[in-house]
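Report on one structure; see the data block that follows.
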Amino acid sequence: MLQKFVEAGYEAIDFEEKADIYIINTCTVTNMSDKKSRQMIRRAKHLNNNAIIVAVGCYAQIAKNEIEKDIPEIDLVLGTNEKNNIVKYIEEYINNNKNVENISDVMHQKEFLDFGKVTYTEKTRAVVKVQDGCDRFCSYCIIPYARGRVRSRKIGNIIEEIKSIVEEGIKEVVITGIHVASYGKDFKDGTSLIDLLEEINKIDNLKRIRLSSIEPTIITEEFLARLTKLDKICNHFHLSLQSGCDETLKRMNRRYNTEEFENCIKLLRKAYKDVALTTDIIVGFPGETDEEFNKTYNFLNKIKFYQMHVFKYSPRKGTKAAEMKNQISPELKEERSKALIDLSHKNEKEYKEKFLGRTVQVLFEQKEGEYLIGHTTNYLKVAVDFNKSLENTIQNVEIVNLEKEFLVGKVL
Ligand code: SF4
């Protein structure tokens with residue numbers, strides 16, 4: 001959206017400065033996100049009472065009436081599909097001083113909304129969105145209602161975008177979407193995620209392909225037989241587990257059980273040396289008894305993820321889980337969250353220690369304090385003495401020390 005404004009001749013300034021137009025790209029993933037979105041809208045009005053205030057994105061998509069009722073000062077509420085034409089909507093509003101119909105029915109949207117080529121500011125890594133929407137309807141999640149059904153971006157457009165960012169010097173792409181594993185499900189010709197990755201892998205001068213979160217069920221022997229042939233795929237996989245207890249997973253409406261999940265982990269560990277496995281976990285899901293939580297804890301203790309992102313369940317209005325009985329107290333959620341965060345730190349330390357004295361390949365990104373930092377393919381953060389000429393290069397580094405935030409190494 002920023003790029004669209006800049007292309008149309010607007011100047012982008014910091015949100016805290018006095019602007020003529022404020023765009024709040026809202027989030028609705030939790031009730032707290034809604035609250036923060038509303039706070040930002042009010043904050044914008046406070047910064048310049050005469051400005052045009054625009055709310056766009058997921059919260060705007062599903063709660064237009066609520067926003068207009070609670071915050072009458074809002075000028076324009078635009079849905080998720082309207083982002084592409086945001087400049088046009090705002091200029092129409094300015095010229096005619098009237099609000100046009102601007103929340104399209106995302107549930108019946110069949111085509112991926114392509115923003116075209118996007119210019120990235122990060123020096124070494126670019127996030128490339130290949131898919132939108134989700135058909136899974138997990139019981140705690142509002143996303144399918146805010147983003148609609150699975151829509152995949154055409155392979156040709158993705159390749160064209162990646163080629164152009166590689167020409168700008170980017171060496172690593174992160175393939176992302178709402179539910180990346182569903183890539184291609186809406187195409188009639190059977191194209192799937194692995195077909196896309198095979199095409200991306202062919203791009204000259206691209207060094208690394210990192211997958212953002214993927215659903216475990218995509219990891220099969222057939223999938224890995226093709227994936228492991230692609231030399232640019234990073235040995236880092238983020239598989240959202242959410243719970244290590246089958247009963248809880250069922251109430252969450254997740255489509256796998258712990259046994260299936262563990263099989264995916266075994267396949268990945270067999271296929272990729274030093275693979276880094278990360279995950280998301282929700283604690284305090286409605287009805288999570290001590291016994292259920294203990295099952296989760298023991299399962300996680302067995303799997304030993306490199307990192308776990310632990311979320312305390314928060315009820316999201318409009319979802320099934322928010323209506324479930326036996327909501328868990330904040331104190332218990334806190335206690336369970338702490339136990340898992342401690343476990344995560346312990347596992348992370350153990351995983352990193354395995355690399356002491358070894359040589360790894362690091363793509364260097366930027367200065368941090370006295371160091372130049374970068375990441376390995378398995379997402380270890382590595383720091384060496386600062387040397388500007390190494391920025392955006394891949395180097396062999398010997399790991400000599402482990403500090404709290406990163407591994408310290410020597411360039412060979
Ligand atoms: S798969 Fe992810 S995005 Fe889709 S409903 Fe479940 S949690 Fe939400």
Side-chain angles (χ1 to χ4, degrees), residues 25-34 37 57-63 79-81 83 106-110 112-113 127 129-153 174-186 192-193 211-220 223 237-258 260-261 264 277-288 296 305 308-324 333 337 340:
N25 191 15
T26 61
C27 175
T28 193
V29 73
T30 62
N31 287 351
M32 184 52 86
S33 322
D34 290 358
S37 299
C58 291
Y59 178 49
Q61 175 72 36
I62 66 161
T80 46
N81 268 344
K83 288 179 181 178
V106 79
M107 295 309 277
H108 290 96
Q109 176 78 23
K110 293 210 166 61
F112 181 84
L113 183 70
V127 176
K129 183 171 166 179
V130 301
Q131 173 279 337
D132 205 344
C134 180
D135 299 343
R136 294 302 213 185
F137 294 92
C138 300
S139 63
Y140 52 83
C141 182
I142 198 76
I143 287 176
Y145 305 97
R147 289 295 179 100
R149 296 298 177 128
V150 169
R151 280 105 64 208
S152 309
R153 193 175 174 194
V174 184
I175 303 303
T176 188
I178 297 291
H179 195 257
V180 177
S182 291
Y183 179 83
K185 221 180 122 183
D186 52 324
S192 68
L193 181 64
L211 290 169
S212 67
S213 183
I214 48 167
E215 197 183 274
T217 50
I218 197 174
I219 307 292
T220 59
F223 180 81
F237 298 91
H238 185 85
L239 306 168
S240 282
L241 171 64
Q242 308 301 14
S243 168
C245 163
D246 289 337
E247 292 80 4
T248 317
L249 284 172
K250 212 162 186 185
R251 289 200 303 282
M252 289 177 164
N253 198 27
R254 301 290 286 177
R255 315 286 179 94
Y256 50 83
N257 59 32
T258 48
E260 287 158 347
F261 190 93
C264 300
L277 298 168
T278 53
T279 197
D280 299 321
I281 299 289
I282 297 173
V283 291
F285 190 75
E288 186 186 60
T296 290
F305 288 99
M308 302 194 286
H309 303 153
V310 182
F311 299 90
K312 286 175 268 187
Y313 170 75
S314 90
R316 179 63 186 78
K317 211 169 64 188
T319 61
K320 277 194 182 150
E323 306 299 320
M324 287 178 183
K333 284 181 196 166
S337 161
L340 293 191

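Order of appearance sets the numbers: ligands from 1, and atoms from 1 within every ligand. All residue numbers in this chain count up from 1 along the given sequence.
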Determine whether S212 and H238 make a side-chain contact, defined as any pair of heavy atoms from C-beta on separated by less than 4.5 Å.
->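 Of all side-chain heavy-atom pairs linking H238 with S212, none is under 4.5 Å.
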Protein contact of atom 7 (S) of ligand 1 - nearest heavy atom, named by residue and atom, plus distance =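 Result: Y140 OH, 3.4 Å.
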Test: R151 and D186 ion pair at under 4.0 Å =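 Between D186 and R151 there is no salt bridge, as every charged N stays at least 4.0 Å from the carboxylate O atoms.
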Salt bridge or not for D135 and K185, using N-O below 4.0 Å?
->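 Counted as a salt bridge, because a side-chain N and a carboxylate O are separated by less than 4.0 Å.
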Numbered atoms of ligand 1 (with element) below 4.0 Å of R254, judged on heavy atoms =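 Result: 1 (S), 6 (Fe), 7 (S).
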Salt bridge (charged side-chain N to carboxylate O under 4.0 Å, His left out) between D34 and R316, worked out = CA-CA 10 Å; D34 290 358; R316 179 63 186 78; 3.1 Å; yes
Relative to atom 4 (Fe) of ligand 1, how many protein N, O or S atoms have a separation of less than 2.8 Å?
->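 With waters ignored, the protein N/O/S count below 2.8 Å is 1.
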Where do L340 and M308 come nearest, in terms of heavy atoms and distance?
->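 Scanning both residues, the minimum pair turns out to be O-CE, 3.4 Å.
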Going from CZ on F261 to CG on D246, what distance comes out if it is rounded to the nearest 0.5 angstrom?
->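 One finds 12.0 Å between CZ of F261 and CG of D246.
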Please list, chain by chain and in numerical order, all residues satisfying salt bridge (charged side-chain N to carboxylate O under 4.0 Å, His left out) with R136, sequence neighbours excluded.
->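 If we apply the salt bridge (charged side-chain N to carboxylate O under 4.0 Å, His left out) test to R136, skipping adjacent residues, the hits are E215.
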